[in-house]
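For reference, the structure discussed in these notes is given below.
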Protein chains: 2
Amino acid sequence: MTTRSSTDATRVIPEATVARLPVYLRALTALADSGIRTCSSEDLATAAGVNSAKLRKDLSYLGSYGTRGVGYDVDYLRYQIAREIGVTQDWPVVIVGIGNLGHALANYSGFRSRGFRVVALLDADPALVGQTVAGVVVRPFDDLEEIVREHDVAIGVIATPAFAAQDVADRMVAIGITSILNFAPAVVAVPEGVDVRKVDLSIELQILAYHEQRKANGADPTNADGGAA
Amino acid sequence: MTTRSSTDATRVIPEATVARLPVYLRALTALADSGIRTCSSEDLATAAGVNSAKLRKDLSYLGSYGTRGVGYDVDYLRYQIAREIGVTQDWPVVIVGIGNLGHALANYSGFRSRGFRVVALLDADPALVGQTVAGVVVRPFDDLEEIVREHDVAIGVIATPAFAAQDVADRMVAIGITSILNFAPAVVAVPEGVDVRKVDLSIELQILAYHEQRKANGADPTNADGGAA
DNA sequence: TCCATTTTGTTCCCACGTTCACAAACTCCT
DNA sequence: AGGAGTTTGTGAACGTGGGAACAAAATGGA
């Protein structure tokens with residue numbers, strides 16, 4: 001085994017693993033809340049809904065935080081994953097587009113509890129500006145630059161209609177935002193070095209519809225699992 | 001080339017391709033709305049934000065709907081993809097949990113326009129029952145079975161808090177729902193044959209935070225793309 | 001101390017997904 | 001008709017991810 005120090009910047013964690021670390025984190029928090037101090041990879045894998053071999057391999061990319069014959073210390077492992085993801089620090093976030101979805105996002109408690117702080121809500125519609133949503137006053141979109149500079153914001157959320165998404169993204173990138181979470185049903189192009197993740201509600205339903213249709217047509221059910229269970 | 005008839009049930013489309021078909025569908029709709037009647041794989045790939053070779057390979061799983069030297073007929077290809085996904089038919093959907101997110105989902109116009117019809121909104125909270133959201137009256141959760149039978153619902157959406165998600169999923173499965181879209185931040189277990197797709201807002205932000213942290217630490221930027229642009 | 005038991009960390013192998021590169025097939029122009 | 005130009009559909013190479021299996025390392029009891 002090659003023991004890697006936690007400061008070894010050359011270490012690369014596969015993208016598929018990164019996407020699962022937050023799930024492990026949540027499962028560990030649930031275990032800790034139940035008063036459980038130690039767990040095996042089997043326990044944690046069950047709680048996270050994955051295969052235990054996959055879990056162990058995922059954790060091995062972070063380092064060697066378990067004890068053979070014993071398992072993992074819940075609090076210790078939780079801290080290590082949190083540090084690796086970066087949720088031990090505070091992340092200021094701006095949300096652009098305060099429609100139905102923007103409202104819901106602004107009120108979502110799961111952000112706050114994981115270190116994401118909504119520092120501003122922005123909308124181009126003057127009718128919305130000035131209203132208070134989730135305890136935050138909606139400000140005009142043109143205030144974006146001022147807010148980003150003041151709070152050193154790196155992460156932006158787009159919850160606008162599709163037609164506005166690319167413009168908003170362009171403005172965000174120009175001002176220095178380097179990570180974007182896009183809820184608008186549109187493809188946004190960004191330069192190298194900027195991360196975009198897309199969440200599209202209707203696409204998820206369409207994927208389910210495809211599998212549902214195959215089930216209804218009596219297709220071979222061996223592959224009926226949608227691949228996301 | 002093996003020409004496959006559209007009724008050949010043995011044909012299997014890779015999961016990764018299925019997940020992109022809705023994106024192509026949206027891009028084609030945008031092209032059609034711009035008055036474009038024909039496009040090349042390069043054009044469509046750009047509009048969809050993917051590599052053109054990948055697009056062609058994806059489309060080849062459906063059949064041979066293009067013309068060499070010419071490209072694809074926008075309307076024709078759009079219809080073929082829509083039929084393949086199943087959005088040419090009407091899909092009744094129930095939403096359980098009418099909090100902030102449930103509200104937003106009920107009002108989301110993107111569902112209706114793609115063949116998904118919200119036939120009922122359900123909540124266990126008596127204070128919410130009877131209220132009208134997006135033109136639909138909220139009904140008690142216990143009405144689930146009656147509604148599912150009446151409308152022949154196959155797809156359920158969970159927008160409850162985490163603690164309720166597994167119970168709701170169990171009830172849905174018992175009643176005969178075979179596809180679930182889960183917005184609750186919890187792992188739900190379902191039996192073989194039931195599809196679950198999970199959308200977790202805070203997980204997406206955590207993935208962005210991980211990459212953001214790596215950028216800030218001056219890590220090798222060659223892999224800085226979050227993998228979802 | 002030594003052995004049986006447990007559980008991690010890792011290796012090996014297979015399946016899936018992506019991309020390159022090119023033959024096949026179509027249009028248009030002369 | 002025939003050749004130049006264009007674009008699709010696909011075979012092959014490559015890279016990533018998942019899972020079984022096992023060696024290594026810890027515990028606990030005799």
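Here is how names work: the chains are called A, B, and so on, in the same order as the sequence lines, proteins then strands, and each is numbered from 1. Just so it is clear, the structure is predicted and the values come from calculations on it, not from any experiment.
Residues S40(B) and T17(A) both approach DNA chain D. Their nearest nucleotides, taken by heavy-atom distance, put S40(B) toward the 5′ side. Between P14(B) and T67(A), the residue whose closest nucleotide on DNA chain C is further toward the 5' end is T67(A). Map R20(A) and E42(B) each onto its nearest nucleotide of DNA chain D; the residue landing nearer the 5' end is E42(B).
Separating the NZ atom of K54(A) from the C1' atom of dC16(C) is a distance of 13 Å, rounded to the nearest angstrom. In this structure, L44(A) atom CG and dG9(C) atom P are separated by 12 Å, rounded to whole Å. Remark: P of dG17(D) and CD of E15(A) are 8 Å apart, rounded to the nearest angstrom. A straight line from NZ of K57(B) to C1' of dT19(C) spans 9 Å, rounded to a whole angstrom. At whole-Å resolution of the value, CG in D58(A) and P in dG19(D) are 10 Å apart. One can place CG of L62(B) at 13 Å from C1' of dG9(D), the figure rounded to the nearest angstrom. Residue L55(A) contributes atom CG, which lies 12 Å from atom C1' of dG9(C) at whole-angstrom precision. Residue R56(B) contributes atom CZ, which lies 14 Å from atom P of dG11(D) at whole-angstrom precision.
Taking CZ from F111(A) and CD1 from I155(A), the interatomic distance works out to 10.0 Å, rounded to the nearest 0.5 Å. E212(B) contributes atom CD, which lies 7.5 Å from atom CG of D195(A) (distance to the nearest 0.5 angstrom). For the atom pair CG (L205(A)) and CG (L105(B)), the distance works out to 8.5 Å, reported to the nearest 0.5 Å. To the nearest 0.5 angstrom, T67(B) atom OG1 is 8.5 Å from D73(B) atom CG.
The side chain of N51(B) contributes an N or O atom lying less than 4.0 Å from OP1 or OP2 of dC20(C). Between dC16(C) and Y61(B), no contact under 4.0 Å exists linking OP1 or OP2 to a side-chain N or O. Residue Y72(B) places at least one side-chain N or O closer than 4.0 Å to OP1 or OP2 of dG9(D). The side chain of S41(A) contributes an N or O atom lying less than 4.0 Å from OP1 or OP2 of dT8(C).
What you find for Y65(A) and Q80(A) is that their closest heavy atoms are OH-OE1, 3.3 Å.
Taking every side-chain heavy atom of S60(B) into account, dT10(D) is the closest of dA20(D), dT10(D), dG18(D).
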